[in-house]
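Just below is one structure, and these are the notes that go with it.
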Amino acid sequence: MKLEKKAVIFDLDGVLCHTDQFHYQAWKGLAGRLGVYFDEEINNRLRGVSRMASLDIILEGSGRSYTRAEKEALAAEKNEAYRELLKGMSPADAAAEVRETLEALRARGYLLAVGSSSRNAGFILERIGLEGFFDAVADGTEITRSKPDPEVFLLAARKLGVRPEDCAVVEDAGAGIEAAGAGGMTALALFGDARGCGLEDYDLNSFRELLELLP
Ligand code: B16
Ligand code: MG
C-alpha cells in the first residue's frame, strides 16, 4: 500500500519514545499508596488518555469517591513522580530508527508534527533532543478534549496548514486511532493496543515501515 499524504502526525508517548513505562511506574506508585489494584492491563487503558481521565480509571478500583480537590492533588502527586523519571531521559531515548525515519520523511518533503495528549510533551521532546524535528507540536496544554476526541490532531493539522485528509497519524493507543479516524485522517497503528483495535487503516510492523507507505 502507498499513501498520498502531505503530513505525518506522530503520537509522542509510546511512538516517538517510551515514556509509557514511566507513566506505569508513577501510577503504580500512587495506586500502591492508595491501596488500589493496578496492573499492565489497566495501564493499557490509560494510553493516550488525559491525566485526569487516567486517574478516574485507576480510582474505579478504590471503592470510594474523591472530591475534585483530592483528585487534583493525586494527579499532581503522580505528575511529580513522573517528571522525576523523565529527568533521567536523554537523546539516547529517541531510537536511531526514529531519528533516521523522521529525517528521511522530511527529505521526501513531508511536513511533520507531534499530536500528544501530554502536558509534558515539550519537556519530553527537549529531553530526548527531538524538539527541533517538527514543523508543529500540538499537545495537552492546548486542548480541552483528550483522545479519542480528534481535537489534538486537528490542531496539529491546522498548525501545519494542511487538510485532515492529507495527514497520516501514527499511534500506539486505541484512543489515538479512534481520534485520527474521527478527525478524517489515515490511522497507522504501531505497538500498544492500537494494532488490531479494529479502527486502524494499517498495522505497522516497525517505525521504519513508514518509509514504504509514504513514498
Ligand atoms: P501527562 P500521548 C499521553 O500521551 C499518554 O499516552 C497518556 O498515558 C497520558 O495520560 C497522557 O499523555 C497525559 O500525559 O500526564 O504527561 O499530561 O500518547 O498522547 O503522547
Ligand atoms: Mg501514545
Side-chain angles (χ1 to χ4, degrees), residues 8-31 38-60 71-87 89 93-95 98 112-128 130-131 133-134 136-156 169-180 182-183 185 187-195 197 199-200 204 207:
V8 192
I9 304 174
F10 296 89
D11 172 59
L12 178 61
D13 293 332
V15 167
L16 292 175
C17 62
H18 293 283
T19 42
D20 36 355
Q21 51 174 322
F22 299 138
H23 278 297
Y24 176 73
Q25 280 178 52
W27 284 126
K28 178 101 183 148
L30 180 71
F38 184 68
D39 62 14
E40 293 273 1
E41 204 178 315
I42 300 171
N43 189 60
N44 268 336
R45 291 172 57 203
L46 313 183
R47 287 178 191 275
V49 170
S50 75
R51 194 180 309 163
M52 258 314 162
S54 299
L55 179 63
D56 283 335
I57 290 172
I58 287 167
L59 294 180
E60 280 171 12
K71 289 206 278 185
E72 298 278 358
L74 293 175
E77 180 183 332
K78 179 268 175 175
N79 194 50
E80 224 171 277
Y82 176 59
R83 299 260 311 189
E84 274 311 307
L85 294 166
L86 292 180
K87 283 184 191 160
M89 293 187 93
D93 289 295
V98 168
L112 306 179
V114 172
S116 169
S117 296
S118 176
R119 302 179 68 85
N120 294 299
F123 181 60
I124 296 166
L125 287 169
E126 239 176 71
R127 295 297 317 163
I128 62 177
L130 286 188
E131 76 275 29
F133 269 75
F134 299 96
V137 175
D139 68 30
T141 63
E142 301 168 289
I143 55 168
T144 53
R145 296 176 306 278
S146 189
K147 301 167 190 174
D149 190 284
E151 187 179 359
V152 79
F153 293 139
L154 292 174
L155 177 62
V169 169
V170 187
E171 259 292 347
D172 72 314
I177 293 289
E178 198 181 332
M185 301 175 180
L188 308 178
L190 178 69
F191 313 130
D193 65 337
R195 278 177 61 100
C197 75
L199 295 172
E200 74 277 35
L204 288 166
F207 199 90

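Counting convention: from 1, in listed order, for ligands and their atoms alike.
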Give yes or no for whether the N/O distance cutoff of 3.5 Å, strictly under, is met between [X] and ligand 1.
{"X": "R119", "value": "yes"}
{"X": "L12", "value": "yes"}
{"X": "D172", "value": "no"}
{"X": "Y82", "value": "no"}
{"X": "K147", "value": "yes"}
{"X": "N79", "value": "no"}

| task | Identify whether the distance between the nearest side-chain nitrogen and carboxylate oxygen of R47 and D11 falls below 4.0 Å. | result |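 So R47 does not pair with D11 through a salt bridge.
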
| field | Electrostatic pair E80:R83 at N-O distance under 4.0 angstrom | value |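 Salt bridge: no.
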
Where the side chain of [X] meets the backbone of [Y], is there a donor-acceptor pair that is under 3.5 Å apart?
{"X": "E84", "Y": "A81", "value": "no"}
{"X": "R195", "Y": "A189", "value": "no"}
{"X": "D172", "Y": "F191", "value": "no"}

Measuring from [atom], which candidate in [options] has the nearest non-hydrogen atom?
{"atom": "atom 16 (O) of ligand 1", "options": "A75, S50, S118", "value": "S118"}
{"atom": "atom 9 (C) of ligand 1", "options": "V152, L55, N120, V49", "value": "V49"}
{"atom": "atom 20 (O) of ligand 1", "options": "G14, G115, S116", "value": "S116"}

| said: For atom 5 (C) of ligand 1, what's the nearest protein heavy-atom neighbour? Residue, atom name and distance, please. | reply: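 Protein heavy atom at minimum distance: D13 OD2, 3.3 Å.
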
| field | is_close_aromatic(Y82, F123), centroid dist under 6.0 Å | value |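 No; F123 has its ring centre 6.0 Å or more from that of Y82.
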
| Rounded distance [0.5 Å steps], CD1 in I58 versus CG in L46 |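 It comes to 5.0 Å.
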
| message | Please name the atom of D172, limited to N, O or S, that comes nearest to the Mg ion (ligand 2). | response |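 Nearest N/O/S atom: OD1.
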
| said: the Mg ion (ligand 2) and D13: any N/O/S contact shorter than 2.8 Å? | reply: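 For D13, the answer is yes, given that an N, O or S atom comes within less than 2.8 Å of the Mg ion (ligand 2).
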
| task | Verify the distance test for D11 against the Mg ion (ligand 2): any N/O/S atom under 2.8 Å, yes or no. | result |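 Within the cut-off used here (under 2.8 Å), D11 does place an N, O or S atom near the Mg ion (ligand 2).
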
| said: Taking a cutoff of less than 4.0 Å between a non-hydrogen atom of the residue and any ligand atom, is A173 in contact with ligand 1? | reply: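 Heavy atoms of A173 never come under 4.0 Å of ligand 1.
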
| task | I would like to know whether D13 and T19 meet side-chain hydrogen bond (donor to acceptor under 3.5 Å, both in side chains); could you show each step before the answer? | result | CA-CA 5 Å; D13 293 332; T19 42; 2.3 Å; yes

| field | Test item: side-chain donor near acceptor, N43 and D20, under 3.5 Å | value |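 Their side chains do not contain a donor-acceptor pair, so the 3.5 Å distance test is not met.
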
